[in-house]
Amino acid sequence: MKKYLLQFIVLIVVCSCGSKKKENHLATPSDSAQAVPIAKLSPAEKTKYHTLVSNFLESNLLRGRFNGSILVAKEGVPVYEEYLGYKNIKTKDTLTAETPLQIASTSKPFTAAAILRLVQEGKLGLSDAITKFFPAFPYTGITVKTLLNHRSGLPNYLYYMEDGGWNRKTPASNADVLSTLVNWQPPKAYRADANFNYCNTNYVLLALIVEKVSGLSFPQYLKSTFFDPFGMKNTYVLTQNDSARLTPSYDGYGKEWPLDFSDGPYGDKNVYSTPRDLLKWDQAWYRGAVLNQQLTDSAFTGYSNERAGTHNYGLGWRLLELPNEKE
């Protein structure tokens, strides 16, 4: 979804533990599911890091029309936090630390974590075929794992649905995406597990699998499994029934961005959160509260090695793999 938003949410967590740098678009979990103590920074160290970050942001990001939320933490300790502008430009409602903003594709790690939690509980397997959950699914060779690591070869619903005649103003649901795959059978981008291709369709289907296996709606599953236990009080998954409470997005001119059919599905996006809540999510990884060590390692392993390079993708996380395992 190509949207140029005036609203931003930024969380940067600087961590000195582990051997590989992982990134999930905005928030970076720790490299280990083992418990890691939060660092204790002296007042002088906090001042030092705050000044460094402030000088950098003032010279770069904040020079333009920035409207959004920023939190920078050093090994779990916030050293810079700022909330600038409005959550609603028309009414001039001030944006605060409690204002949830759309985190877009940073929602994908939550979806991946939900799937991997169900794997950990023995309720599904990474090698399970998609036809196990959706018998009428017309594509072969696709597994839970190839959805997670974007190697399914499926077409992206953001494009084929509109090209196929779906009314852009009619909200689509996750079930609609599955139905169009079954009934329209748009051509695949390539055969399963042949290549990496970032595709939102994968994570829409994963959210449906979470619902099928858990017996809960995807928003409720994330709430009861992650958001509530981790104290993420201002985080939720947007559904079509929640439109009244969403914080709108704007283009670079301050005009509210209208929602279209692609804003309906969740799993690939539609988690709304705050920097403070995302820091709690990050710290849950430090405590080993999300997944066990084995599954954490599998999530942080690159699976697309057709081309040499430092960029790769795990099971829901973008990876930056540097030479000699040094950050």
Requested in this report: Please report the closest heavy-atom contact between Gly267 and Ala207, naming both atoms and the distance.
Outcome: CA-CB, 3.9 Å
Report task. Could you go through the side-chain contact (heavy atoms from CB on, under 4.5 Å) check for Leu205 and Ile142 one step at a time? Result -> CA-CA 11 Å; Leu205 295 177; Ile142 299 174; over 6 Å; no
**Report entry** Test log, rule side chain to side chain donor-acceptor pair (under 3.5 Å), inputs Thr99 and Tyr83
**Finding:** CA-CA 9 Å; Thr99 304; Tyr83 301 91; over 6 Å; no
Report task. Would you indicate whether the side-chain heavy atoms of Leu291 and Arg117 approach each other to under 4.5 Å? Result -> yes
Query raised in the report: Looking at side-chain heavy atoms only, is the closest gap between Ile89 and Glu256 below 4.5 Å?
Result: no
Requested in this report: Check whether any side-chain N or O of Asn312 sits under 3.5 Å from a backbone N or O of Ser304 as a donor-acceptor pair, and report yes or no.
Outcome: yes
Query - Inter- and intrachain pairs under side chain to side chain donor-acceptor pair (under 3.5 Å), touching residues 206-219, at least two apart - result: Glu211-Tyr266
Query raised in the report: If you round to the nearest 0.5 Å, how far is CG of Asp297 from CG of Leu315?
Result: 11.0 Å
Query raised in the report: Is there a donor-acceptor pair under 3.5 Å between the side chain of Ser262 and the backbone N or O of Leu158?
Result: no
Report task. For this output row, return yes or no: ring centroids of Tyr157 and Trp166 closer than 6.0 angstrom. Result -> no
**Report entry** Nearest-0.5 Å distance, CD1 of residue Ile115 to CG of residue Leu147
**Finding:** 8.0 Å
Query raised in the report: Of the non-hydrogen atoms in Pro265 and Asn174, which two are nearest, and what is the gap between them?
Result: CA-OD1, 3.2 Å
Query raised in the report: Does Asp263 reach the main-chain N or O of Asp260 with its side chain, forming a donor-acceptor pair under 3.5 Å?
Result: yes
Query - Non-hydrogen atoms of Leu124 and Ile209 that approach each other most closely - result: CD2-CG2, 3.8 Å
Query raised in the report: Yes or no on side-chain contact (heavy atoms from CB on, under 4.5 Å) for Val53 and Ile70, after CA distance, side-chain angles and deciding distance?
Result: CA-CA 11 Å; Val53 174; Ile70 305 173; 5.9 Å; no
Report task. Could you tell me which non-hydrogen atom of Val290 sits nearest to which non-hydrogen atom of Ala113, and how far apart they are? Result -> CG1-CB, 4.0 Å
Requested in this report: List the steps and the verdict of side-chain contact (heavy atoms from CB on, under 4.5 Å) for Asp282 and Phe230.
Outcome: CA-CA 10 Å; Asp282 178 80; Phe230 301 157; over 6 Å; no
Query - Side-chain donor-acceptor contact under 3.5 Å, Asp268 with Asn200 - result: yes
Query raised in the report: Between CD of Glu82 and CG of Leu71, what distance do you get to the nearest 0.5 Å?
Result: 11.0 Å
Query raised in the report: Hey, what do you get for CG (Asp277) to CD1 (Ile103), rounding to the nearest 0.5 Å?
Result: 10.0 Å
Query raised in the report: Do you know which two heavy atoms are closest between Leu101 and Gly68, and how far apart they sit?
Result: CD1-CA, 4.5 Å
Report task. Enter the distance from His50:NE2 to Glu45:CD here, rounded to the nearest 0.5 Å. Result -> 15.5 Å
Requested in this report: Identify whether the distance between the nearest side-chain nitrogen and carboxylate oxygen of Asp93 and Lys87 falls below 4.0 Å.
Outcome: no
Query - Validation row: Gln185, Tyr139 side chains within 4.5 angstrom (heavy atoms) - result: yes
Query raised in the report: Does NZ belonging to Lys188 count more than 12 external heavy atoms closer than 6.0 Å?
Result: yes
Query raised in the report: So, Asp176 versus Ser179: side-chain donor-acceptor pair below 3.5 Å or not?
Result: no
Query raised in the report: Can you find a heavy atom in the side chain of Leu208 that is under 4.5 Å from one in the side chain of Phe218?
Result: no
Query raised in the report: Between His311 and Leu319, is any pair of side-chain heavy atoms under 4.5 Å apart?
Result: no
Report task. Step through it carefully: locate the ring centre of Tyr203, locate the ring centre of His150, and say whether they are under 6.0 Å apart. Result -> yes
Report summary line: Smallest heavy-atom separation, Arg276 atom then Glu81 atom, equals NE-OE2, 2.5 Å
Query raised in the report: Is a donor on one side and an acceptor on the other found under 3.5 Å between the side chain of Tyr190 and the backbone of Asn195?
Result: yes
Query raised in the report: With distance as the sole test, does Lys108 use its side chain to make a donor-acceptor pair with the main-chain N or O of Ala104 at under 3.5 Å?
Result: no
Query - Flag side-chain contact, heavy atom, 4.5 Å: Val213 against Phe133 - result: yes
Report task. Look only at the side chain of Ser298 and the backbone of Leu295, and say whether a donor-acceptor pair between them is shorter than 3.5 Å. Result -> yes
Report task. Look at the aromatic rings of Tyr198 and Phe196 and report parallel, tilted or perpendicular, splitting at 30° and 60°. Result -> tilted
Requested in this report: Would you check if the side chain of Glu98 reaches a backbone N or O of Asn234 as a donor-acceptor pair within less than 3.5 Å?
Outcome: no
Query raised in the report: Got a second to check how far Leu216's CG is from Leu222's CG, nearest 0.5 Å?
Result: 10.0 Å
Query raised in the report: Just by modelled atom types, is the Gly153 backbone N or O under 3.5 Å from a matching donor or acceptor in the Asn197 side chain?
Result: no
Requested in this report: Please say which of Phe227, Phe226, Tyr221 ends up in a ring pair (Phe, Tyr, Trp, His ring centres under 6.0 Å) with Phe110.
Outcome: Phe227
Query - Test item: side-chain donor near acceptor, Ser152 and Asn202, under 3.5 Å - result: yes
**Report entry** Audit row: Phe137, Leu178, side-chain contact (heavy atoms from CB on, under 4.5 Å) steps and yes/no
**Finding:** CA-CA 8 Å; Phe137 198 70; Leu178 176 60; 3.9 Å; yes
**Report entry** Donor-acceptor pair, side chain of Asn149 and main chain of Tyr313, under 3.5 angstrom
**Finding:** no
Query raised in the report: Are any of the side-chain heavy atoms of Tyr303 and Leu148 separated by less than 4.5 Å?
Result: no
Requested in this report: Determine yes or no for a side-chain-to-main-chain donor-acceptor pair under 3.5 angstrom, with Ser224 supplying the side chain and Gln220 the backbone.
Outcome: yes
Query raised in the report: Do the side chains of Thr235 and Pro100 get nearer than 4.5 Å, heavy atoms only?
Result: no
